[in-house]
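Position 1 is the first residue of the sequence; numbering continues from there.
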Amino acid sequence: MNHADARSADASAVALPETAAAHPPDAAAPRRGGAAGPVALVVGGALSVQFGAALAVLLIPRAGALGVVTLRLTLAALVLLLVCRPRVRGYSRSDWGTVVAFGAAMGGMNVCIYQAIDRIPLGAAVTLEVLGPLALSVVASRRLISLVWAGLALAGVVLLSGGGFDRLDPVGAGFALAAGALWATYIVFSARTGRRFPQADGLALAMAVGAVLSLPLGLAEAGTRLAVPSTLALGLAVALLSSVLPYTLELIALRRIPAGTFAVLMSLEPAVAALAGFLVLRQALSATDAAAIALVIAASIGAVRSRTRPAPAH
């Protein structure tokens, strides 16, 4: 969900979930062992992200939604900075503007999605959030079929809301939609960051920016509760599960499978979130909710396949 990473591969052209960013796939890299290995890495990353989000829901009563965001971004930034050791010299003002915008979008996206999952079920929150990248993909596409996928996604949202978001809690639904809009912004700047900074340096620096921006909010809400050892331990688990581990798995996978295949797999994120919500949080889905999530997933997969399929020759 999230959540922030560095995948690019024409990020504006694909519908990606909470963990999308700027590790461009190496087209020349050998794809050893077929697709099964990379697919397992991507699925493992998605499971890690959403079960990390479910763990974050359990942490919210201790530290508050904003406190959880601060713990996740700060601890993930510390780990990435130690591992990547990014250089900070030699970049232009434009480069720094890009990474700051990336970090701000990352921080805002995390604040909104954690405010959402504090109010509505995890599966519903991620389903609404994924509409942001889906809308970006539809807008970036010049194919008429994209309107079909947009309509299918809209039908899923209407079904999920039951005709009115008051069933879900309108504030929570609003935060999830805002997270989706910021996710789309995040994808755009993640791609730009990936082109300007080597390896995962841009991700580490952007994560640090997001951590700095979120720190005053987390301290204002949770204060000294953030320093409780058990809370710090859970926060570190959320940071590792939702950021560090999935980004590493996805970086490896993106070197061995096409970006389109990767995006289709990531379109399954709402279903993974619903599974995590059920297993960890006992958030059962109704048949209507399951159908709504399925419609949004189908729309995401359709949009990705339409966007990545070569245009017919004229």
Can you measure from [atom1] ([X]) to [atom2] ([Y]) and round to the nearest 0.5 angstrom?
X	Y	atom1	atom2	value
L241	Q50	CG	CD	11.5 Å
I293	L128	CD1	CG	9.5 Å
L281	L58	CG	CG	5.5 Å
I297	L152	CD1	CG	11.0 Å
T231	L236	OG1	CG	12.5 Å
L177	C112	CG	SG	10.0 Å

By side chain to side chain donor-acceptor pair (under 3.5 Å), D95 pairs with (sequence neighbours left out) S92, R196
Between [X] and [Y], is there shared hydrophobic-cluster membership here, with clusters defined by ILVMFWY side-chain heavy atoms closer than 4.5 Å?
X	Y	result
M207	V100	no
V212	V88	no
M109	I60	yes

Does the side chain of [Y] come within less than 4.5 Å of [X]'s, by heavy atoms?
X	Y	answer
L71	L232	yes
L234	V238	no
N110	Q115	no
L226	L219	yes
L217	V69	no

Quick one: which residue pairs count as a side-chain hydrogen bond (donor to acceptor under 3.5 Å, both in side chains) with a foot in residues 204-230, not counting sequence neighbours?
-> R62-S230
Donor-acceptor contact below 3.5 Å, side chain [X] vs main chain [Y]:
X	Y	value
R119	V171	no
R85	L81	no
S48	G44	no

For [X], side-chain contact (heavy atoms from CB on, under 4.5 Å) partners two or more places apart:
X	answer
A105	T185, Y186
L213	A104, V209
P229	none
L279	F51, L275

Would you name the heavy atoms of [X] and [Y] that are closest together and state the gap between them?
X	Y	result
A116	G172	CB-O, 3.4 Å
L205	V99	CB-CG2, 4.0 Å
R72	S243	NE-OG, 3.0 Å
V68	L59	CG2-CG, 3.8 Å
G218	T70	CA-OG1, 3.2 Å
L122	G277	CD2-N, 4.1 Å

Test D118 against V57 for side chain to side chain contact (heavy atoms under 4.5 Å, CB included), laying out the working first.
-> CA-CA 7 Å; D118 189 31; V57 174; over 6 Å; no
Trace of the side chain to side chain contact (heavy atoms under 4.5 Å, CB included) decision for F175 with I113 = CA-CA 6 Å; F175 272 119; I113 194 59; over 6 Å; no
How far apart are the C-alpha atoms of M106 and L203, what are their side-chain angles, what is the distance that settles it, and do they pass the side chain to side chain contact (heavy atoms under 4.5 Å, CB included) test?
-> CA-CA 10 Å; M106 181 188 303; L203 169 63; 4.1 Å; yes
Identify, with sequence neighbours excluded, every residue that meets ring-ring contact (aromatic ring centres under 6.0 Å, His included) alongside F197.
-> Y91
